[in-house]
Structures are given as C-alpha cells and as structure tokens.
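Report on one structure; see the data block that follows.
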Amino acid sequence: MAADTLKSTTGAGGGAAAVRRLLLDNGALTALIVLLIAMSALSGDFLTTDNLLNVGVQAAVTAILAFGVTFVIVSAGIDLSVGSVAALSATVLAWSATSHGVPVVLAVVLAVATGIVAGLVNGFLIAYGKLPPFIATLAMLSVARGLSLVISEGSPIAFPDSVSHVGDTLGGWLPVPVLVMVVMGLIAAFVLGRTYIGRSMYAIGGNEEAARLSGLRVKKQKLAIYALSGVFAAAAGIVLASRLSSAQPQAADGYELDAIAAVVIGGASLAGGTGKASGTLIGALILAVLRNGLNLLSVSAFWQQVVIGVVIALAVLLDTVRRKAGATPVAAGTGGGKGRQAMTYGLAAVVTVAVVGATSFLHSGSSSTSNPKVGLALSTLNNPFFVQIQAGAKAEAKKLGVDLTVTDAQNDASQQANQLQNFTSSGYDAIIVNPVDSDAAGPAVRAADKAKIPVVAVDRGVNKATTDTLVASDNVAGGELAARTVAEKLGGTGKIVILQGQAGTSAARERAEGFAKGLKAFPGIQVLAQQPADFDRTKGLDVMSNLLQAHPDVQGVIAANDEMALGAIKALGSKAGKSVQVVGFDGTPDGLTAVTNGTLYASVAQQPSQLGRIAVDNALKAFQGKKVAETVKVPVKVVTKANVAGFTG
C-alpha cells in the first residue's frame, strides 16, 4: 500500500515531483551548489583557481576529522575529543622528532598510535565503563588538551621539515592537504561500504540491542570504531601542523563542533544508522565555502558565526523534511542506486559549472575600485586591545582612502592562515597581520611574499618569513616595566601573584619573560603563584578567587592584560587598590577607567590605536613602493592615576 501510494504520488507530480525528490534526496549537495552559485555571483574573487584550491585546503582538516566522526555518529555515538586528540598527536610527533631525536618515521607512528590510544580509551569507557559517549569523550577532550600543553610546555614546537611538506603543493599548484583529504575520504568510504566493521556501525546505530542479539560483539566493535576516529584525528592533526609548520598546543580548538556539523549537514542522523563519507565531504565543503565567501565579502567575523549557525540549522531542517517526505536514507553500502548516485553527482557538476560560468559574466568587464585594498588579519576581536587596533586602522584607512577588510581569527592559527590565503588569492594590494602565533603565520606570509604582496606585521612579528615592516611595542620591555612598577609600589618587598596569558601565544610568553626579568632586580618580592587566565576577564576573576583561598596574604598582582586585571580586581573586592596593588597591561578603556577609580594601580599601555594607524600608513607606503623602516617601535607607557587624564591611547 505504501509503495502504491508513493508511486501514484510521484506519477501525479510528473517532472516537478521528480526534481523535488532529487533535491530532497541530495539536500547537502543542493545546498553546496546554491552556495557556489551565490558566492560566484556576489564576489568576483571567488571563482578563481587559486581561491577554489584555497577552499579545498581550508576544508581538508575539518573533512578528515569529520570522516572519523562519521564512523562514530553512524553507530549512534558522539566524539567531542577529536580536536584535542589532533593537537596532542601533532605535539607528540613534533616533540619526539625535534626535542628527542626520534626518527621522523617513528615519530609519525607515535603520533598515529597516540590517536589510536585516545580512541581506545574512549571506546573502553563507553563500551565497558558504561559512560555516555558525550561524557567519556568530553573527558578525553580535556585530558588530551592538557597533555598537549604539558608536553609542549605551552609553546608551539617546530614541525620536522620532512613532514611539513604535507602542507605544501605538488607541481607548485596542487595542495597536498587536498590529496590527503581525498585519500582519507576514500578510505572512510571503503570502511563504511565494504568492510565488516562498516556494516557493524550501521547495525549498532540502527538498533544496538538487535545487533547484540544477532551475535554482533558490540563492545569490541565500539572499541574499533572509536580507535578509527582516533586515527583520523591524528591524521588531521599532522596535516594541520604541517600547514602551520609547527605543532600548536591550542590547535584545532573547537574543531570537533565543525566536524560534527559537517557530518550532520552531510545527511547523517545523530540517532545513528545513516551517513556516508561523500555526504560528510560535502558538509565540510559547505562550511569551507561559507567561511571563504564571507571573508571575501568582508562580512563581519561576528556575523559569520551567525550565518554559519543558521546554515547548520537549515541543513538539519532540510534533512528532517527529506525524511518526512520519504526520501531515500543516506546509508552506505546498501547496494543498488550507485549508478543513479553517480549520475546525480555528474548532473550536479554540469549544472554547477554552467550556472557558475554564467554568473562570472556579472563580474567580467566591471571596473574594480581605484582605492588600494588592504586586508587586516587580527588574532582576535574578543579583546579590547585588538578592537582598539582595529579602530585606529579603520580611522587611518578612511583618512588615506584605503579599502580595509578586517578578519578575526578568534585566536585560531589555522583560521588565520585561511584568512591570509584568502587575501592573497583575492589579489589584495597589501596585508597587515597580527599573528595568533609567530611561527604558524609564516607559511601564509611566505605565500603572500611569493605573490609580491607587501606584508606588515603589527604587535607581533612573523617567524621564517619576510615582512616589509614590524609595527610593535616591546612586550618583553613592557613586562619588565610592569614588574618594576608593582615592586616599587610595594617598596621592594612583598608577596605577589602573576596572571599569565593564553598558553602558546607569543604575547603571553614575551610578557611572562619580561615579568621574570623585571623581578630579578627585586629579590625581596616573593612570587606566590603564577597561573594562566587566558587573557579573559571571567577567567581572571575565577583564578584570582582560587588563589586568594591559598594565599590570602597577597599584596600585589601582575596581570598580562587589563582584562585579567579587571577580573582580579573583582575577586579582590575592597582590597583592590588598598591592601593589594594590581598592575595590568594594554591600556584599554576599561583599564584606564579602573586606574582613574584607583582600583587598578597602573596599566602598561601599548597605545593600540597608534599601532593600527601606523600599520595602515606603512602598508600603503609599501604598496606604493616607498621606503619603510624595518621596525617601527611604538613606546609603552605606564599609566597611573597621576597621568591618566592626559593619556589618549
């Protein structure tokens, strides 16, 4: 009866019903085609060979992670640990090969083994410990990230050159990460569609109890499934670190959410039982196209998060509509329909090429703006200091007639590398970069150098690459100044605590180095504790509250930025500015207000708006072929209640 009804309905609708069913059966593919057409129509920079290769590179890490997560989701599980496991595997590889002289081949084996062990632990906790997958993998997320920080001591580790070639190109144009993504995708498709363990995943996801009663050893299969997820996470970590030429302990932070989103967008159900590798690849490409296109369109980094969230919700909603309409479930290895699926993909490719080619005429012959185009890649906009750099840069750009595009890397070195690649492939006249990490920005800046695009570094330098100039204040000197300021206020003796910045960032390392140097001149100052609070006000509040329980007799606080200092002031309450002297760093508006109020004794101000202004000025000069200084130092200044009124930043 159901079959008869379906046939009659299909027949009644004719061609329109067939098209509707085709679209519903391939919701993710339809969404990708629409996105490609829309981005091609909206941006003349999107449809270029270099930019399309950028999209592939930018999708690679997410896709490889997502292939592993597909195994888990098909079996009705979840894996929140893949991002942290990727970072840990890369750190193990770099640490063993560079710090301990382990042969590179063996170091790669150790990295993959690290992923397998993490996956086996997840599988054991879930299958034998009866922990919910969410809890077990959430615990592994924290453990793996912590181990990565412990092994690296919070600092990036240079990646072996022989492995870094994984982040290069073949023949000068074909990116190796894309090849790795394709190979891993084929392996994932083979496992899902052609192996016993693949069939087991669908059986367990469809009905675990029925699978057990049919003789399937569910517990052992879960061990293997999560171990496979760990292998793919390790591979993703190696590719990511190769692109950045360094293993970052904070790398791939939050990537597990992108991986899960890619799997779900690709048509898999979180309830288990359905999903395929090709759908996951399409999901990863959708996310990459979105981020790439929104960057090219100069959409605010904050709005990008909104757009991506809406697209994920719409993709899942479309999947729900498809299922209610009785569309074919997206399970692999079900036999039949493979020729039809290949025909669908082929038809989609033809339609996409035709329509995208037509839209390219919208941009042909259109005159580009006469104003110079400059890209500003900031490490984060979730910090008043960098917001002030942006404000100074925008004001100077408006004054000089420069079209300025600002991107926010959200303290993710990989995301910043993608943004820099987008600037390069779009033919920007100059690039300003405030690196998340000095080593990780190197490969992307070298690519800009190769394209003969001037690059200006601001606040932090770029390692292993040539920049036209560095506009910065001296973080080490500023740290020394902060230490001397609090020590002198305490009369050369006293007990203090230090709130450090985000582990792995160059600013945190340099300021901590400055604090240590400055305190050497004051042997009467005792450092009771040093704890990271990640440049965040809320974490500064929490960490300071905890330290006060252990050290109620503290007399001074040095914070690596004003945000953490303001959190510490909140924890100190009435003690701030009276029995406890607090010194911050950056000279942000809120920090200066606290100095005026007397709760913050001083802030070592870097004059961030000046940094932004000078960076744009030098970028324009470099583009025009004018001589610029190799380094432009903006002096730091201690701002106290005595001179805060005259400080403008």
Do the non-hydrogen side-chain atoms of [X] and [Y] ever get within less than 4.5 Å of each other?
X      : Y      : value
Val72  : Val82  : no
Ile496 : Leu490 : yes
Thr485 : Tyr601 : yes

Is it the case that Arg511 places NZ or CZ above or below the six-membered ring of Phe585, under 6.0 angstrom from the centre and within 45 degrees of the axis?
yes

Salt bridge (charged side-chain N to carboxylate O under 4.0 Å, His left out): which pairs involve [range], sequence neighbours left out?
range            : result
residues 513-526 : Glu513-Lys517
residues 243-264 : Asp258-Arg291
residues 109-138 : none

I would like to know whether Val634 and Gln606 meet side chain to side chain contact (heavy atoms under 4.5 Å, CB included); could you show each step before the answer?
CA-CA 7 Å; Val634 178; Gln606 289 187 288; over 6 Å; no

Decide side chain to side chain contact (heavy atoms under 4.5 Å, CB included) for Val497 and Val527; before the verdict, give the C-alpha distance in whole Å, the side-chain angles of both, and the deciding distance to 0.1 Å.
CA-CA 6 Å; Val497 298; Val527 179; over 6 Å; no

Evaluation steps, side-chain hydrogen bond (donor to acceptor under 3.5 Å, both in side chains), between Asp79 and Thr137
CA-CA 5 Å; Asp79 192 346; Thr137 58; 4.5 Å; no

For Asn561, side-chain hydrogen bond (donor to acceptor under 3.5 Å, both in side chains) partners two or more places apart
none

Contacts of Asp536 meeting salt bridge (Lys or Arg N to Asp or Glu O under 4.0 Å) (sequence neighbours excluded), chain-then-number -> none

So which pairs with a foot in residues 116-152 pass ring-ring contact (aromatic ring centres under 6.0 Å, His included), sequence neighbours left out?
Phe124-Tyr128

Yes or no on side chain to side chain contact (heavy atoms under 4.5 Å, CB included) for Arg145 and Gln250, after CA distance, side-chain angles and deciding distance?
CA-CA 7 Å; Arg145 184 68 66 186; Gln250 294 286 9; 3.8 Å; yes

With a 4.0 Å cut-off, would you call Asp590 and Arg537 a salt bridge?
yes

Look only at the side chain of Ser242 and the backbone of Val163, and say whether a donor-acceptor pair between them is shorter than 3.5 Å.
yes

Donor-acceptor contact present, side-chain Ser603 to main-chain Val639, <3.5 Å
no

Applying side-chain hydrogen bond (donor to acceptor under 3.5 Å, both in side chains) to Ser414 and Asp412, what does each step give before you reach the verdict?
CA-CA 6 Å; Ser414 175; Asp412 182 344; 4.6 Å; no

With a 6.0 Å cut-off on ring centres, are Phe385 and Phe535 close enough?
no

